[in-house]
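Worksheet for the structure shown next.
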Amino acid sequence: MSAPAGQVVSDEIPATAPTSRILAVAVTLIATAMSLYHMYVAAFGPPEAVVFRGTHLLFALTLVYLLYPFRRSGPVAWRVLDVVLLALAWGFILYIFLNYTYFINRIIYIDDLTVWDKFFAVVSVVVVLDATRRVIGWALPATALVFLAYAVFFTHVKGQVLLEQLYLSTEGIFGSTLGVSASYVMLFVLFGAFMEKSGTGQLFMDFAMSLTGHSAGGPGKVAVVSSSLFGTVSGSAVANVMVDGPITIPLMKRTGFRPPFAAAVESVASTGGQIMPPVMGAAAFVMAEFLVVPYAQVALWALIPAILFYVGVFFAVHFEAKRHGLAGVPRSELPRLGEVMMVRGHLFIPILIVLVWLVLGYSAPLAALVGALACLPLALMRKSTRAGITWRSVVDALVDGARNTLAVAMACACAGIVIGVVTITGLGLVFTEFVIGLSKSSLLLALVLTACAGIVLGMGMPTTPAYIVMVSLLVPAIIKLGALPAAAHMFAFYFAILSAITPPVALAVFAAAGLAKADMWQSGWEAVRIAAPTYIIPFMFVYEPSLLTIGGWWPALTSLLTASIGVMCFAAALQGYLLAREAKPWERVLLLVAALLLIKPGLVTDLMGFALLGVVYFSNRLGRARVAQRQQL
């Protein structure tokens with residue numbers, strides 16, 4: 001079962017299809033209204049923060065309780081429970097709206113709470129935890145409950161102050177993380193939904209097939225290219241796998257790739273979509289909010305690491321194919337690039353529109369809105385892409401956009417509970433000092449601890465809340481030990497993402513292994529081997545920020561060039577192949593050392609890396625010549 005292109009599926013529990021026509025109509029109307037409301041706000045500006053965030057959460061909670069019932073079947077009591085919880089969800093949000101003057105004029109932490117204040121504060125926490133559990137499972141709600149228990153039983157924070165923090169301030173449920181979901185994520189998910197309805201997913205696949213399908217290991221390279229393109233409209237590794245995998249994985253197996261390797265290539269390439277500008281995963285928008293920078297700046301920081309990510313995966317596929325003598329797909333079975341661009345090339349224009357608007361300085365939501373509005377009209381301009389596009393396509397895109405935002409919206413609201421507790425209890429400062437003490441004031445050890453925490457957190461929750469928890473607890477320690485804020489946040493972002501391909505819980509690998517009919521563990525370790533350079537790159541850009549384009553374009557370009565060669569060496573070392581024969585053990589060791597030296601920016605390390613690469617190159621060429629002489633004899 002494949003997800004449509006542009007769908008942000010994340011790790012949530014599958015929604016239940018509406019069981020009646022009336023319910024289906026209600027879901028369609030509410031989801032359409034939610035999308036239109038956010039499009040209006042993007043065009044004409046949002047209301048006050050709490051009103052905007054509250055409206056976003058109200059839409060999301062309504063759809064969650066309609067689409068994710070407590071039990072899919074059972075006694076009527078379960079349905080009654082859903083209705084009661086939905087009514088309470090409306091209650092705690094409308095209570096703020098109807099008493100907004102009181103809300104903004106009261107002196108927080110000074111004025112006593114009324115009985116209704118306390119009641120709806122408790123209701124808000126319970127409802128948000130329950131709705132989040134329904135969409136993405138227990139991991140994040142359980143984490144929030146642990147933080148709440150810490151605040152209640154292990155600190156001197158009064159219950160009234162905690163309730164105010166979580167419900168009656170903009171530091172809890174209605175905090176900046178929910179604002180990111182309302183302002184940024186919703187619009188970019190809508191952009192992806194409109195692109196999917198315009199047929200862009202087919203364009204990405206045909207474009208990748210025409211470029212790389214014929215070369216050695218062509219289907220694997222197609223997975224790399226198409227997944228990087230799909231990453232511009234999807235923030236989910238699992239969604240990416242389910243779109244590309246049904247096509248690329250059978251092709252890879254047909255041309256000789258081992259099933260675990262095929263699954264690993266697709267899962268790793270799909271995971272990179274979250275770090276691929278111009279449209280990255282939802283956590284990138286949260287980062288922009290935390291660092292108070294334009295989203296375009298975050299995308300720029302991510303550019304070189306994203307390129308290195310895909311260079312590493314591309315060459316891992318290439319060397320694996322060469323080592324096993326795997327050919328590509330015959331050209332006669334592939335689309336031609338010229339024909340692809342003539343037939344569907346104009347569907348790239350919405351992505352270019354978003355890029356141009358971001359570069360010109362317009363807000364990211366407005367850029368996404370303009371790109372979304374351009375998708376279907378551009379598809380209608382050509383007969384080749386006009387088929388199947390009707391008014392129903394517009395409604396479907398609006399509905400998909402709203403439904404696909406639910407996981408992020410609830411994750412952000414629930415993460416607000418965690419942030420509220422961390423802020424009011426001072427836990428962030430305590431944890432920072434703990435990490436610094438545990439690492440003995442060593443930045444490297446602190447980075448290793450943060451990397452491990454990111455992978456562990458990402459095993460149980462989506463990237464966005466995993467990143468938010470890391471920012472609350474671990475990133476301040478890295479910054480205090482000398483890392484630049486941008487580098488520290490990008491480091492946390494990367495390792496929250498890499499959990500999708502890191503055993504034992506690697507959701508993207510699980511999805512791809514299922515399609516490939518491969519062993520989960522073998523696929524997981526193959527994924528780690530393919531993505532190995534990506535585990536190194538974040539450490540490098542913390543120590544040398546030129547990899548984040550910080551410090552000027554010339555250092556950034558030279559770092560990109562040498563690091564790309566280093567990533568290629570890393571892939572060659574791990575795959576055991578460089579030119580025309582398998583690399584010997586000592587050559588693989590030298591390639592690995594050369595890779596680390598070249599990935600780290602710096603003239604001395606680069607020269608040392610090139611020297612080691614030269615030794616392996618000439619050794620490989622000499623061995624190739626000897627093989628040729630033996631064949632002649």
Side-chain angles (χ1 to χ4, degrees), residues 3 7-16 31 34 56-57 59-72 82 85-86 89 124-148 173 175 177-178 180-182 185-186 189 234-242 270-271 273-274 281-286 400-419 454-470 472 493 496-502 505-511:
Q7 183 176 357
V8 180
V9 177
S10 190
D11 313 326
E12 72 271 18
I13 300 166
T16 301
M34 180 180 182
H56 176 70
L57 183 59
F59 273 120
L61 286 170
T62 303
L63 289 174
V64 166
Y65 281 109
L66 292 178
L67 292 169
Y68 298 83
F70 187 81
R71 289 286 186 272
R72 299 192 179 191
D82 290 335
L85 288 170
L86 178 56
S124 67
V125 173
V126 172
V127 169
V128 167
L129 290 173
D130 175 66
T132 305
R133 176 198 61 80
R134 294 179 185 228
V135 181
I136 62 175
W138 267 109
L140 181 57
T143 302
L145 285 171
V146 169
F147 278 82
L148 286 171
I173 291 171
T177 53
L178 185 62
V180 168
S181 175
V185 175
M186 179 78 203
V189 171
S234 169
S236 167
V238 176
N240 210 335
V241 168
M242 299 308 293
S270 296
T271 298
Q274 293 188 73
F285 300 103
V286 180
D400 288 349
R403 292 184 61 163
N404 297 335
T405 307
L406 298 181
V408 177
M410 296 318 307
C412 287
C414 193
I417 295 175
V418 175
I419 292 176
I455 291 172
V456 171
L457 287 170
M459 289 177 185
M461 61 184 76
T463 300
T464 303
Y467 164 74
I468 290 170
V469 172
M470 292 172 71
S472 302
F493 177 52
I497 288 171
L498 288 175
S499 63
I501 55 172
T502 307
V505 182
L507 294 176
V509 174
F510 291 172

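Just so it is clear, the values below take in all heavy atoms, side chains as well, and ignore hydrogens, waters and symmetry mates. All residue numbers in this chain count up from 1 along the given sequence.
- For the atom pair Gln274 CD and Phe493 CZ, the distance stands at 6.5 Å (nearest 0.5 Å).
- With sequence neighbours excluded, the residues satisfying ring pair (Phe, Tyr, Trp, His ring centres under 6.0 Å) with Phe285 are Tyr184, Phe188, Tyr295.
- Each of Leu140, Val64, Leu67 was compared with Val135 under the side chain to side chain contact (heavy atoms under 4.5 Å, CB included) criterion, and only Val64 meets it.
- The minimum heavy-atom distance linking Met470 with Ala496 is given by the pair SD-CB, 4.3 Å.
- Counting only distance, with no hydrogens or angles, the side chain of Thr132 and the backbone of Met410 share a donor-acceptor pair below 3.5 Å.
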Next item on the list: Would you sort out whether Val408 and Val189 count as a side chain to side chain contact (heavy atoms under 4.5 Å, CB included), showing the intermediate values?
Entry: CA-CA 10 Å; Val408 177; Val189 171; 5.9 Å; no
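- Of the residues listed (Leu61, Val185, Leu178), the one engaging His56 in a side chain to side chain contact (heavy atoms under 4.5 Å, CB included) is Leu178, and it is the only one.
- Between Val127 and Tyr65, the closest side-chain pair of non-hydrogen atoms falls below 4.5 Å.
- For Arg133 and Asp130, the salt-bridge test passes: some basic side-chain N is under 4.0 Å from an acidic carboxylate O.
- For the atom pair Leu57 CG and Ile173 CD1, the distance stands at 7.5 Å (nearest 0.5 Å).
- Partners of Val469 under the side-chain contact (heavy atoms from CB on, under 4.5 Å) rule, at least two apart in sequence or in another chain, are Val418, Leu457, Leu473.
- Residues Leu86 and Thr62 approach most closely at CD1-CA, 3.6 Å, considering heavy atoms.
- A distance of 4.5 Å separates CG in Asp82 from CZ in Arg134, rounded to the nearest 0.5 Å.
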